[in-house]
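Reviewing the structure listed below.
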Protein chains: 2
Amino acid sequence: MSVGIRHDDLRRRNRAMVISAVRRAGQPSRTEIAATTGLSHSTISAISSDLIQEGILTESKPSEAASLKRGRPQVGLGLNPEATAVMTVVLSLNFLSVAVIDYAGQVIAEEQRRLDTLTMPRDELIGECTAIVRRRFEDPDLDVRSVARIAMGIQGITDTHARAMLWSPITPLTDIPFADILEAEFGIPATMENDCNMMAVALQWRDPERYRDDFIAILLSHGIGMGLVLKGELFTGTHSSGGEFGHMIHRPGGALCRCGRRGCVEAYAGNYAIWRNARMMSEDAEPTDVGDADMRALAARARESDGPEREAYRKAGEALGFGLGSLFALIDPAPVAMVGVSAAAFDLIEPALREAIAQTAGGQHSKSISFDTEPNELPLIREGCAMRALGFVDQEIFAPGVQQRTGSAGKNVA
Amino acid sequence: MSVGIRHDDLRRRNRAMVISAVRRAGQPSRTEIAATTGLSHSTISAISSDLIQEGILTESKPSEAASLKRGRPQVGLGLNPEATAVMTVVLSLNFLSVAVIDYAGQVIAEEQRRLDTLTMPRDELIGECTAIVRRRFEDPDLDVRSVARIAMGIQGITDTHARAMLWSPITPLTDIPFADILEAEFGIPATMENDCNMMAVALQWRDPERYRDDFIAILLSHGIGMGLVLKGELFTGTHSSGGEFGHMIHRPGGALCRCGRRGCVEAYAGNYAIWRNARMMSEDAEPTDVGDADMRALAARARESDGPEREAYRKAGEALGFGLGSLFALIDPAPVAMVGVSAAAFDLIEPALREAIAQTAGGQHSKSISFDTEPNELPLIREGCAMRALGFVDQEIFAPGVQQRTGSAGKNVA
DNA sequence: CTCTATTTTTTCGAGCCTCGAAAAAATACT
DNA sequence: AGTATTTTTTCGAGGCTCGAAAAAATAGAG
């Protein structure tokens with residue numbers, strides 16, 4: 001059950017409010033913050049002078065608008081980049097990357113690495129992840145002692161509490177508690193996030209106009225994933241990261257999916273499924289890895305002539321359309337961002353997708369549903385992880401004490 | 001954006017907290033409330049003496065457990081039934097009912113009425129609804145001047161803000177702003193709720209053990225509806241009441257649904273669909289109304305022998321199973337309550353349903369998914385409306401002032 | 001160059017609210 | 001009748017936010 005509000009929670013919540021207002025707005029003045037938060041000027045003044053003294057915020061000289069106005073110029077408040085730093089670790093198919101990001105959100109160091117995730121044994125995979133992090137810590141150029149949090153993103157299913165990878169297409173291994181492993185290894189709070197959820201978080205930061213309260217990010221890649229934001233909050237399952245859009249059932253008993261079941265949306269719209277159909281292979285054929293270059297070539301051929309390649313994209317569009325239609329029956333339509341290599345072929349997918357969606361309950365507003373595309377998912381995932389880690393720092397370290405549910409993490413206060 | 005917490009919000013929130021603790025717990029002592037809310041004894045003491053003085057709570061003599069313990073006996077706190085009252089209006093196919101419920105949740109008056117909703121013109125339908133409410137107000141036995149809120153429940157789609165019926169299977173009419181109509185007519189805040197959502201709310205109150213944070217209520221009746229609670233909160237769409245489980249797509253281009261589209265879950269599992277299949281009629285046959293008695297007879301025949309009737313229920317189970325599987329892919333499995341006349345035939349539905357679900361992503365935990373049945377939906381809907389209305393009173397009238405999002409409603413403070 | 005209008009930010013006292021400790025109240029046990 | 005025990009109330013302390021007023025910092029006017 002939710003819990004009563006203590007008197008001291010007040011300050012903490014309002015501190016968090018101010019920090020988040022600054023993170024969102026860039027260089028707001030105290031007056032602007034007072035307006036957006038609804039708190040009085042006195043309160044904002046008190047809180048921000050605390051935060052400045054603690055080295056969390058910094059004053060920056062007046063913005064350009066100052067010269068136009070009459071009275072005392074506004075003083076912009078910004079996040080102090082040196083307040084702390086966070087680290088992101090993104091593990092995807094055959095690829096591992098790490099980045100250090102300062103408190104203001106700028107990347108200050110990074111490293112990328114190819115590895116063979118599909119065949120790697122458990123210890124080695126974990127070892128690679130901890131090693132790449134450790135190398136960052138050992139870099140003498142950086143004062144990495146100030147890293148306050150690690151957010152790891154992975155393609156696959158994670159648990160609701162953001163502690164472990166439960167299942168992933170990039171490895172046959174399951175149930176790896178990466179968050180706990182990193183915490184034990186480095187003594188820093190860590191979380192394990194789902195890649196598509198992080199894409200959604202990143203979109204919310206990149207384009208808050210379009211991706212605000214309700215939207216959908218769909219990853220069109222080898223597999224089909226989804227990140228969903230509803231009422232401004234990231235949607236997760238009751239036990240797992242949830243939102244396994246790719247494994248909604250498109251045709252009961254239909255094409256063979258990578259997950260071993262039949263008829264999933266992914267079994268028609270994943271890279272391997274498009275490839276399979278374009279080559280006129282059986283729907284029962286084992287899913288195979290298809291490179292991004294091959295997919296781009298496939299899309300080019302589909303654009304050239306109306307052959308089996310175009311038909312394969314049509315089928316993908318149909319599966320995505322009926323899947324989205326079912327989803328929209330549940331949550332109502334919302335803006336969609338298509339991310340990943342096949343998003344670059346969305347022109348081939350869209351007609352069949354819209355036709356399918358129009359045949360569903362969500363299709364009433366079919367025409368008003370807008371799609372946007374972004375071919376490159378990795379930067380989005382990293383950005384999402386960074387924002388997530390910074391968000392935790394904002395709330396749990398710089399405005400500590402408010403009741404948390406997560407149980408672990410969040411002990412080292414400045 | 002969310003807004004800073006003012007100083008006076010504190011008291012109001014904690015008042016709401018205490019009221020809700022009392023509503024939930026029955027007759028808790030001050031000490032118990034302090035424990036569940038986490039607030040100090042002094043605070044609870046202050047707040048509850050306020051609430052008693054305002055006539056919202058009453059002290060009741062010690063419970064039976066008092067004789068066992070040593071010290072000063074606990075004094076139970078209860079909701080004062082006379083504090084206020086709410087009214088529920090439930091409109092379903094050919095049936096309209098109203099009830100007056102006191103602040104403690106007891107029904108103190110009711111009226112039910114048959115009418116032909118399918119053919120009624122707009123004015124007449126609205127007129128019947130306002131008339132049945134007015135008759136309650138005119139009843140001299142009741143001090144109905146104290147009615148603080150009306151909650152209307154309807155089979156069909158409502159908007160997110162609980163103001164209007166957007167679409168309903170019980171009438172060809174659309175977009176009737178019942179909440180506004182009732183507010184204008186009687187000057188009392190009103191809301192327009194979706195029937196299945198209210199079923200879910202009622203289940204949460206009836207059996208909080210089983211139906212707590214995450215569960216699904218599915219209405220198996222003429223149509224198929226769903227009420228969904230996730231993380232303790234009623235799930236709604238971004239624009240409408242949402243959760244139109246019955247119109248997820250089971251088979252693209254498949255059987256004709258009452259909604260005019262094809263292949264919806266409902267087109268296989270709604271009463272009319274089961275009837276159609278049992279009679280071996282075409283899947284394109286116009287949906288017809290089937291009475292509850294006919295459905296019960298159909299179920300009996302299906303249990304007797306393995307004929308087309310049993311096959312019809314099998315198909316229904318398959319559609320529901322694949323639909324649930326897709327839903328579980330999104331939200332993970334959760335306990336399910338099957339409500340409505342076909343819930344009484346769940347024995348005929350369950351085998352195919354479980355078989356289908358096992359073929360989906362949600363089916364990993366297929367065996368652990370538990371189903372419960374409740375053949376009678378109307379009492380549930382009424383209970384849900386009552387609890388919802390009382391919840392609004394608790395929060396908006398007896399603990400007023402906390403920022404609201406809904407824009408309208410909630411102006412008459414005690 | 002000085003003065004005034006204007007806008008932002010800080011200061012200060014007032015009013016609430018919650019908390020902890022201690023007191024008061026109400027009962028069972030001895 | 002006295003003591004132990006548990007619940008509830010009382011009371012002063014400490015914090016927080018708010019509004020009003022003061023202080024600070026600038027542009028424009030004369």
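FYI, side chains are in, hydrogens and waters are out, and symmetry mates aren't considered; it's all heavy atoms of this structure. We name chains A, B, ... by the order of the sequence lines, and we start the count at 1 in each one.
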*asked:* Strictly under 4.0 angstrom, non-hydrogen atoms only: write out the protein contact profile of nucleotides 15-22 of chain D, one letter per nucleotide from the 5' end, B, S or -.
replied: BBSBBB--
*Write down the distance between CD1 (B:Ile52) and P (D:dT8), rounded to a whole number of angstrom.*
10 Å
*Does A:Asp214 come within less than 4.0 Å of A:Lys231, counting only side-chain N to carboxylate O?*
no
_Expressed as a whole number of angstroms, how long is the span from A:Glu59:CD to D:dA25:C1'?_
13 Å
*Mind telling me whether A:Phe235 and B:Phe235 have parallel, tilted or perpendicular rings, with 30° and 60° as the class edges?*
perpendicular
*Quick one: the side chain of B:Arg72 and the base of D:dT6, do they pair up donor-acceptor inside 3.5 Å?*
no
*Which nucleotide in the set C:dT9, C:dT6, D:dT8 lies at the smallest distance from any side-chain heavy atom of A:Arg30?*
C:dT9
*CD of A:Glu233: more than 12 outside heavy atoms within 6.0 angstrom?*
no
_Nucleotide of D:dT26, D:dT7, D:dT10 approaching B:Thr31 most closely (side-chain heavy atoms)_ = D:dT7
*What integer distance in Å separates B:Ile33:CD1 from D:dT6:P?*
20 Å
*Flag the pair B:Arg12 and B:Glu396 as a salt bridge only when some basic side-chain nitrogen lies within less than 4.0 angstrom of an acidic carboxylate oxygen.*
no
*Can you establish whether the number of heavy atoms outside B:Glu54 located under 6.0 Å from its atom CD is more than 12?*
yes
*Are the ring centres of B:His239 and B:His161 closer than 6.0 Å?*
no
*How long is the line joining CG of A:Leu57 and P of C:dT9, in whole Å?*
13 Å
